[in-house]
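In the text below, chain A, chain B and the rest are named by the order of the sequence lines, each starting its count at 1.
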2 protein chains.
Amino acid sequence: MDVLATFLPSARSAQNRQQLCDLLERQLNKLGFNYWAYVEHSQGTQNLLTNYPAEWVSYYVSRDYEKIDPLTDKELDHLLPYLWSDLLKTYPLTRTQQQIFDEASSLGISDGIAIPIHEPGGDYACLTISGFADMRELPRVFASEKTELYALATAFHIHIRQLPSQCAVALTQRERECLKWVAQGKTSWRIGELINVSERTVNFHITNAMKKLGAKTRQQALTNAVAQKIITSL
Amino acid sequence: MDVLATFLPSARSAQNRQQLCDLLERQLNKLGFNYWAYVEHSQGTQNLLTNYPAEWVSYYVSRDYEKIDPLTDKELDHLLPYLWSDLLKTYPLTRTQQQIFDEASSLGISDGIAIPIHEPGGDYACLTISGFADMRELPRVFASEKTELYALATAFHIHIRQLPSQCAVALTQRERECLKWVAQGKTSWRIGELINVSERTVNFHITNAMKKLGAKTRQQALTNAVAQKIITSL
DNA sequence: TTGGGCACTGTCAGATCTGACAGGTTGGGC
DNA sequence: GCCCAACCTGTCAGATCTGACAGTGCCCAA
């Protein structure tokens, strides 16, 4: 039952975000939660990862519900995990907000736990988990597992940040290889020697990488690649 | 009394590690803890930050106590915060280990809380806090504040990782400035235009930065600077 | 006052990169 | 069999960087 002990070692070997999400889901299932959603706010852009039904997500997004969801605008104020219901007790819901809540309930998303994570620079993320089997048990589970859930969310957050997102530029094997050597301070000629191709070919791959990354120089290509987690800075 | 709410906003504006440590200490004092120690294990190297008395630290290090300390080798096995005393109950102490414990106790470091933090790639860190005013109260405080302490430790960890360590190379203002523009893909000539100096001067600063960073190319200088948190990748 | 760190500037040769030209091979999917 | 992506190679002009030469001025601490 020790979900953290299971999650952490396997999280380290996850190769992409999808794998990591699967690992998280498996552990949450063990704890009795069917649904999860992770929203990261980074430099003004948002990114949503979730196992909510696709129809619900597209419906939610199409109606701009995130702008009026009673939960989204409260995330920032909270620093520790909290129960949705605890939070909602203190705020009266508008008619539209009540409607969102009712619609979600019909999918089994009636109460859940939100776990906010704050980063330097104003970035933050929030993992919410819901779809708990036995609703009456939820507050008890929340109380007893709070720290473990927080640790799980933090671990998930730290790990997912190190994996390239789906929207990251797709570089070929060779392009990544060359870029990594560039990061180590090697010249094209030297890299050619290292990977057994001509200097010209190395320049060819690096130029392609630069184009894909929208960079005018190798330096910018590196910065962009690191920012997109395509190569680890090392 | 909400230490997290106080810590997080100010942590964001901390300019260096010392400032961040001071912030942490202030919050821990509020909770009743006089001592703290943060050890980070990164790529095989260790780094210790603490407010333990300097004599105790040098005494501890000089006798290689970290190799036999009953606590250090247990950190890795634990994923959640724990009380020292809880852990020690389950292991018999050797004579030398008991000695360390007694010596520490005489400084008021008799029981405490360890908060391990695990990163991808095998890196991990541990924040330990001790010197609690009223020992009999400690288990109760631990139980009630566990999540908050974990969140505080995690926040501290995430923030300190983004600040250059003391052993980082010292670049001048200009050198950092030029490197940042290089990261954006600007040429020396363009940077000169941007910061109103000649192209020659830009090359001068970048060359100096490269020397200090032990880099043979601009690319490597960038990678090293980012690795040392001297410039943020952006 | 002297020394040192920092910022700044110039020139110049040679190395390196950038971006254009123009090709060829291999392997997998339709 | 054809197409396409990934990989590989060459040449060449012009831009850019690297590393050496040789200087100036400012400010602060010893």
Side-chain angles (χ1 to χ4, degrees), chain A residues 15-16 164 166-231 233-234, chain B residues 15-16 164 166-228 230-231 233:
Chain A
Q15 292 300 307
N16 56 53
Q166 301 85 333
C167 55
V169 168
L171 295 188
T172 69
Q173 173 63 37
R174 276 301 204 209
E175 284 157 1
R176 279 195 303 276
E177 204 175 352
C178 290
L179 272 191
K180 281 182 189 171
W181 286 118
V182 169
Q184 309 275 326
K186 309 296 183 197
T187 65
S188 296
W189 183 87
R190 183 86 180 87
I191 297 172
E193 200 182 44
L194 285 162
I195 65 175
N196 251 307
V197 296
S198 73
E199 177 184 0
R200 174 66 187 85
T201 304
V202 174
N203 281 328
F204 170 76
H205 290 308
I206 293 175
T207 306
N208 286 340
M210 289 195 306
K211 278 181 196 157
K212 288 184 184 174
L213 291 161
K216 280 193 69 67
T217 65
R218 292 175 177 218
Q219 295 87 340
Q220 196 182 8
L222 274 185
T223 329
N224 292 354
V226 170
Q228 293 188 27
K229 319 286 157 62
I230 295 170
I231 62 172
S233 73
L234 180 88
Chain B
Q15 294 300 307
N16 56 54
Q166 301 84 334
C167 53
V169 169
L171 295 188
T172 68
Q173 173 65 34
R174 277 300 204 208
E175 285 158 0
R176 279 195 303 274
E177 204 176 352
C178 290
L179 273 191
K180 281 182 190 171
W181 285 119
V182 169
Q184 309 275 327
K186 309 297 182 197
T187 65
S188 296
W189 183 86
R190 183 83 180 89
I191 298 172
E193 199 182 46
L194 284 162
I195 66 176
N196 251 308
V197 297
S198 73
E199 176 184 359
R200 174 67 189 83
T201 303
V202 174
N203 281 327
F204 172 76
H205 289 308
I206 294 175
T207 306
N208 286 340
M210 289 195 306
K211 279 181 196 158
K212 289 184 185 174
L213 291 161
K216 280 192 67 67
T217 65
R218 293 176 177 217
Q219 294 88 340
Q220 195 181 11
L222 273 186
T223 329
N224 292 354
V226 169
Q228 294 189 29
I230 295 169
I231 62 172
S233 74

| task | Check every atom of C:dT16, D:dT9, D:dT16 against the side chain of A:T201 and return the nucleotide holding the closest atom. | result | D:dT9
| request: Rounded to the nearest angstrom, tell me the gap between atom CH2 in B:W181 and atom P in D:dC17. | output: 15 Å
| said: So B:S188 and B:E199, do their side chains get closer than 4.5 Å, heavy atoms only? | reply: yes
| request: Report the distance from atom CD1 of A:I206 to atom C1' of C:dC17, rounded to the nearest whole Å. | output: 9 Å
| message | Could you tell me if the side chain of B:L222 sits less than 4.5 Å from the side chain of A:V226, heavy atoms only? | response | no
| task | Calculate the interatomic distance between A:I191 atom CD1 and D:dT9 atom P; express it in whole Å. | result | 14 Å
| B:Q173 has an atom CD; how far is it from atom P of C:dA7, in whole Å? | 8 Å
| B:V197 side-chain proximity, nearest of C:dC8, C:dC6, C:dC17 | C:dC8
| message | Can you give me the closest heavy-atom contact between A:Q228 and A:V169, atom names plus distance? | response | OE1-N, 3.0 Å
| request: Name the nucleic acid region contacted by A:T207, choosing base, sugar-phosphate or nothing; use a 4.0 angstrom heavy-atom cut-off, strictly under. | output: nothing
Atom pairs, N/O to N/O, protein against nucleotides 11-14 of chain C, distance under 3.5 Å?
residue : atom : partner : partner atom : Å
C:dT11  : O4   : B:R200  : NE           : 3.0

| Which whole-number value in Å describes the distance from B:Q219 CD to D:dT18 C1'? | 12 Å
| remark: Heavy-atom nearest pair, B:E175 first then B:K212, reads OE1-NZ, 2.9 Å
| request: To the nearest Å, give me how far apart CG (A:N203) and C1' (D:dT16) are. | output: 13 Å
| task | Would you indicate which nucleotide in C:dA7, D:dC8, D:dG19 comes nearest to any side-chain atom of A:R174? | result | D:dC8
| Is A:N208 touching bases, backbone alone, or none of the nucleic acid, heavy atoms closer than 4.0 Å? | nothing
| Value in whole Å for how far the P atom of D:dG10 lies from NE2 of A:H205 | 13 Å
| said: With a 4.0 Å limit, can you tell me whether B:T217 has a side-chain N or O closer than that to the phosphate oxygens OP1/OP2 of D:dC17? | reply: no
| message | Can you measure A:Q220 atom CD to C:dG19 atom C1' for me and round it to whole angstrom units? | response | 16 Å
